[in-house]
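Just so we're on the same page: letters track the sequence lines, and every chain starts at 1.
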Amino acid sequence: MEEKKRYDAAEAEERWQKYWEKEGTYAFDPDSDKPIYSVDTPPPTVSGEMHLGHAFSYTQTDIIVRFKRMKGFNVFYPFGTDDNGLATERLIEKTKKVKASKMDRQEFIDLCLETLETIRPEFVQDWKSLGISCDWNVFYSTINDHSRKISQQSFLDLVKKDRVYRKEAPVIWDTQMQTALSQVELEDQEQDSYFNDITFKDGGKDIIIATTRPELLCSCVAVFVHPDDEKHKKLVGKELEVPVYHHKVKVIADKRVDPEKGTGIVMCCTFGDQTDIEWYKAYDLPLRVGITKDGKMTDLAEKYAGMPIKEARKAIIEDMKKSGELVNQKKIKHIVNVGERSGVEIEILESPQWFVRYLDLRDTFLKSGKKLKWYPDHMRSRYDNWVNGLQWDWCISRQRYFGVPFPVWYSKKTGEPIFADSDQLPVDPLKDKPKKLPKDHTEDDIIPETDVFDTWATSSLTPDLATQLFKDHKVFKKLQPMSLRPQAHDIISFWLFNTLVKSQMHHKRNPWETVAISGWALDAKGKKMSKSKGNVIHPQEMRDKYSADALRFWASSSKLGDDLAFSEREFIAASRTITKLWNLARFTGMHLEDYDGGEGELQPIDRWLLSRLNRTVATVTDALENYDYVRIRLDVDKFFMQSLADNYLEIVKDRLYGEKNESRTAAQYVVKTALTTVLKLFAPVLPHITEELYQEYCEKSSIHTSSWPEATKKLISDDIEKHGDLAVKVISAVRKAKSQQGLSLKHEFNKITIESSSEKELEAFLPAISAATKTKDIAFGKAKEEIEEGLKISID
RNA sequence: GGGCCCAUAGUCUAGUGGUUUAUGACGCCACCCUUACAAGGUGGAUGUCCCCAGUUCGAAUCUGGGUGGGCCCACCA
C-alpha cells in the first residue's frame with residue numbers, strides 16, 4: 001500500500017464532497033420508515049457570496065444535523081435561496097448597470113431571473129464546499145414558480161380567512177427606492193441637524209415651538225402640549241396661527257409630549273414621525289400631505305413646491321430668518337431613521353397598502369412562543385418582547401418591480417379587488433387575466449395590481465416551500481411541523497415571528513418544535529463586520545488557506561447563541577488537530593494490519609482508556625441532544641490529544657511493536673475502538689478528514705451514515721480513571737526530570753523509585769509506567785532512603 | 001429609556017457553591033531528531049476570575065448595586 005505522508009485537505013475535501021453528492025449520502029429518503037428529523041434551513045440571499053456569518057451559523061446547524069443523521073434519523077435538510085425583493089433588485093441594477101424604474105417591468109424581471117440562474121450555482125457551491133450536508137436535490141428558490149404559487153396561495157387563504165385588508169394608511173416610505181418599507185428595513189443614523197425655534201401666533205402673542213423639520217409646516221395639523229405642563233396648559237383649546245402658511249391649528253393636550261424637550265410644545269404634521277400617526281388616528285386630525293413619493297414638496301408647500309425636502313428646509317429657514325419667524329437655531333446631533341438599502345431618511349406617507357391583520361392574535365403568538373423549545377432558552381424573551389411591543393398590522397405590499405406579485409386585479413368600475421383562482425397560480429396580473437370576471441365586466445374593465453409582496457410574506461413560508469416539494473408523497477404529512485428552525489438572533493422578530501404567524505393562520509399550529517438561535521461572527525476585535533468598515537473576512541479565503549474542516553472547527557468553538565470573534569489562531573489550532581488525527585490514524589493503521597478482531601487480555605491501562613473514552617461518549621452525546629455541540633470540541637479534543645495520543649499510545653507502543661500475544665491483541669482492540677469512536681465523535685465537526693480516515697482504516701462505507709457510538713456504562717469507572725491518572729502523573733514526572741536534565745525522552749534511567757501513598761493502586765500500572773518511561777527497573781521506596789543512582793519521584 | 005445576554009492569563013476558552021494550589025488551546029521560554037507526527041514531542045512561566053457590597057463555615061460560581069460591551073425594542077417634535 002502506497003502511503004501518503006501528508007494530508008492534502010484541498011484535494012480530499014473536494015473528492016469527498018463529490019463522493020457524497022454522487023452516493024446520495026445526505027439524500028432524504030421519502031420511502032424510509034425511520035423517524036424524520038426535518039430542518040427549516042434558512043435560505044440565504046443570493047448576493048454573490050457567502051460571508052463569514054453564514055459559514056459560522058450553517059456549520060453549527062450542520063453539526064446538529066449530522067449528529068441526528070448518525071443517530072438514525074431520516075434527515076430532511078433542504079436548501080433554498082432567497083432571491084426575492086430589494087436585495088436582488090439592487091444586485092441586478094449594480095451588476096447589469098440598469099435602472100429598474102427606467103425599464104419595462106417584465107424585461108427587468110426576466111433579467112433578474114436570468115441573472116439569478118447564472119450566479120446561483122456558484123453561490124450554492126460555497127455552501128457545498130463547506131461540507132454542509134443538505135440534500136441539494138431538495139431545493140427551492142423563493143422566486144420560482146413553486147414558491148410564487150405557494151406564496152400567492154397563502155395570500156388567497158388569508159383573504160378567505162378575512163385576515164388581509166387593503167387600506168390607505170400611513171406607511172414608512174423610502175423616497176429613493178419609492179416603496180413602503182417595514183420596520184425591519186430601517187437603520188439608525190446619527191445626523192447633524194438644527195433645532196429651529198419658530199413662532200406660532202396666539203392672537204398677538206408669540207408661541208415658540210422647536211422643530212428640526214420646518215419644511216413640514218405646510219402639513220401642520222395641530223399643536224400638542226403635556227396635560228400636566230403648568231407653563232403651557234392654558235393654551236389647550238386655543239387656535240394658533242402657523243408661520244409662513246398662516247392656517248390655524250388647535251392646541252391639544254396629550255401625555256406623549258415630553259415637556260422637557262425643546263420648548264415643551266410640539267407641532268404635529270401629517271406626517272413627521274410615528275407619534276404624528278398616533279395623534280392623527282387618536283384625534284381624527286386632517287391629512288395635509290406635504291411630501292411626494294419621490295421626496296419633493298407638494299403644492300401645499302406653495303412657493304417651495306417641487307423642491308427636494310432638504311432644499312425646501314434650507315429655503316424656508318432662510319425665509320423665516322428674514323421674516324423674523326425664526327428666533328433661534330441650535331445645532332444638535334440626532335438619530336434619524338434611514339432606509340437600510342438607500343441610506344435616505346424615511347418619510348411617512350399615506351398610500352394604499354395591503355395588510356395582514358394580526359394585532360388581535362397577540363395572545364396566541366405569545367402562547368405559541370412558549371410552546372417552542374428554544375436553544376438557548378433566553379432567546380425566547382426577545383420574541384416575547386417583540387410580540388408585546390407590536391403596534392401595527394403587517395404591511396405586506398411593496399411598490400417594487402421584482403418580487404412575488406399580488407394575485408389581484410381591480411375593477412375600473414367599482415374599484416373592488418378581483419382575486420385570482422387558486423388553480424391558476426402562479427399568476428402575474430400584469431400578463432394574466434382573472435379566470436372569473438365580475439358581472440358586467442369585460443377584460444378591459446380591470447386593471448392589474450402592480451405591487452409585489454414584502455419578501456417576508458414569502459420567506460415566512462419556508463416550511464411550506466420546502467415540504468410541499470413532497471406534497472404528492474405519503475411522507476408529506478410527517479414532514480410538518482418541522483423539527484428544527486435554525487437562524488441567527490437578529491431576525492427573531494422578523495423571520496421567526498412571521499413564519500410562526502403564517503403557520504398559526506394557515507395551519508393553527510407551530511411550524512416547528514425547536515428553534516436553535518445562533519450568534520454572529522464578528523471581526524477579530526469583536527466588532528460587526530461591514531463593507532464600509534472594511535473589516536470583512538471572507539470565509540472562502542480561510543477555507544482555501546486552511547480547509548473547510550478548519551473553518552468548521554473554528555465555528556464550533558462558540559456556544560449556540562453566542563457571538564464569536566474571528567481568530568486566525570483557531571484555524572491554526574484546527575489544522576493541528578486535523579494533522580494529528582491523520583498521523584494517529586496512520587500509526588494505528590500500521591499496527592492493525594494483522595488484527596484479528598478479538599479483545600485480547602485487557603490491561604489496567606487499557607481499562608483506563610476505555611473508561612475515559614466511554615465517559616467522553618456519554619457526555620458528548622448528552623450535550624448534543626441539548627444542542628450543545630461545543631462539547632465535541634472541548635471533550636473529544638481533550639480525550640484524543642491528552643489521553644489517547646500523548647499518553648496511551650506512548651504507553652502501548654512497545655506492546656504494539658512486540659510479539660503477537662493476548663496483550664498485543666488487547667492494545668490493538670483498544671486502539672482500533674478509540675480511533676473509530678474518536679472519528680465518529682468528530683465527524684459532525686470535521687466531516688472530511690474523518691471520512692477520509694474512516695474509509696481508509698475502519699469501514700468502506702461513509703462515516704456519516706454510520707451509527708453514532710453508544711457509551712458502555714459498565715466500562716466507566718471512577719477508580720480505574722483515578723488510578724490510571726496517578727500512573728500518568730508518574731510518567732509526567734519522569735518526563736519532567738528528563739526535560740530538566742536536558743535528556744532525551746528516550747533516555748533510560750537505571751532505576752526509578754516512586755514514593756507514594758497510593759502504592760497499591762499504582763502497582764497494577766507498573767508495566768505501563770515502565771513502557772512509557774523506557775525504564776525497566778521501577779520500585780516503590782521511601783523518601784528518606786538513600787538512593788545511590790537513578791531517579792526518585794514523589795507522587796500523591 | 002426598556003428587555004435579554006456577556007465579562008476568567010497577551011489572546012480565545014472550560015468551569016453554576018467545597019473534588020480547583022481555576023481547564024484546555026494559541027502565543028512566550030527552555031529542552032529533546034523519540035521506530036505516527038519537527039506542519040512534532042516534553043516541560044516551564046504567565047491570572048486583582050471587571051469593580052463594590054452582601055449571603056455563607058466556604059463565592060469565579062448565589063444576591064444587590066455599579067462599570068464596560070453586544071443584540072433587540074422605544075425615543076429621535
Residue whose closest nucleotide on RNA chain B lies nearer the 5' end, G561(A) versus A565(A): G561(A)

Using the closest heavy atom to pick a nucleotide of RNA chain B for each, name whichever of G742(A) or P259(A) lands nearer the 5' end. G742(A)

How is [X] classified with respect to the nucleic acid when contacts are heavy atoms under 4.0 Å: base, sugar-phosphate, or nothing?
X: D562(A); result: nothing
X: L634(A); result: sugar-phosphate
X: D258(A); result: base
X: R382(A); result: base
X: G272(A); result: nothing
X: R576(A); result: sugar-phosphate
X: A737(A); result: nothing
X: K746(A); result: sugar-phosphate
X: K653(A); result: base
X: S575(A); result: nothing
X: V630(A); result: nothing
X: S567(A); result: nothing
X: N385(A); result: base
X: T588(A); result: nothing

Could you give the distance separating [M] and [N] at their [atom1] atoms, to the nearest angstrom?
N: U56(B); M: C31(B); atom1: C1'; value: 47 Å
N: A53(B); M: G41(B); atom1: P; value: 46 Å
N: A59(B); M: C50(B); atom1: P; value: 15 Å
N: G66(B); M: G58(B); atom1: C1'; value: 25 Å
N: U55(B); M: G65(B); atom1: C1'; value: 15 Å
N: G40(B); M: A25(B); atom1: P; value: 14 Å
N: C28(B); M: A74(B); atom1: P; value: 49 Å
N: C57(B); M: G17(B); atom1: C1'; value: 12 Å

Using 30° and 60° as the class limits, which term best fits the ring planes of [X] and [Y]: parallel, tilted or perpendicular?
X: F224(A); Y: Y283(A); value: tilted
X: Y546(A); Y: F571(A); value: tilted
X: F494(A); Y: W456(A); value: tilted

Ignoring backbone atoms, establish whether [X] has a side-chain N or O less than 4.0 Å from OP1 or OP2 of [N].
X: R631(A); N: G24(B); value: no
X: K736(A); N: G43(B); value: no
X: S557(A); N: A25(B); value: no
X: K638(A); N: A14(B); value: no

Report the nucleotide, chosen from [options], that has the shortest atom-to-atom distance to any side-chain atom of [X].
X: S381(A); options: U11(B), G41(B), C4(B); result: C4(B)
X: S739(A); options: C72(B), G40(B), A30(B); result: A30(B)
X: H378(A); options: C4(B), C71(B), A14(B); result: C4(B)
X: K580(A); options: U11(B), C75(B), C37(B); result: C37(B)
X: F494(A); options: C73(B), C37(B), G43(B); result: C73(B)
X: E570(A); options: G2(B), U42(B), C12(B); result: C12(B)
X: S744(A); options: C32(B), G41(B), A14(B); result: C32(B)

Atom pair distance, as rounded to whole Å: [atom1] in [X] and [atom2] in [N]:
X: R735(A); N: G43(B); atom1: CZ; atom2: C1'; answer: 10 Å
X: D563(A); N: C72(B); atom1: CG; atom2: C1'; answer: 12 Å
X: I793(A); N: G43(B); atom1: CD1; atom2: C1'; answer: 13 Å
X: K255(A); N: C75(B); atom1: NZ; atom2: P; answer: 15 Å
X: Q642(A); N: U42(B); atom1: CD; atom2: C1'; answer: 14 Å
X: F566(A); N: C26(B); atom1: CZ; atom2: P; answer: 17 Å
X: I492(A); N: C72(B); atom1: CD1; atom2: P; answer: 10 Å
X: L649(A); N: U35(B); atom1: CG; atom2: C1'; answer: 14 Å

Is there a Watson-Crick or G-U wobble partner for G68(B) with both distances under 3.5 Å, and which nucleotide is it?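 For G68(B), the partner nucleotide comes out as C6(B), under the 3.5 Å rule.
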
Pairing partner of U19(B) (Watson-Crick or G-U wobble, both distances under 3.5 Å):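 Matched U19(B) with nothing under the 3.5 Å cut-off.
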
Assess, by modelled atom type and distance only, whether the side chains of T175(A) and E347(A) contain a donor and an acceptor separated by less than 3.5 Å. no

May I ask you to check if R382(A) and W374(A) form a cation-pi contact, with NZ or CZ under 6.0 angstrom from the six-membered ring centre and within 45° of the axis? no

Could you tell me whether a side-chain N or O of T773(A) sits under 3.5 Å from a main-chain N or O of I769(A), the two making a donor and an acceptor? yes

Under 4.0 Å between a side-chain nitrogen and a carboxylate oxygen: does that hold for [X] and [Y]?
X: D718(A); Y: R615(A); answer: yes
X: E570(A); Y: R633(A); answer: yes
X: R612(A); Y: D725(A); answer: yes

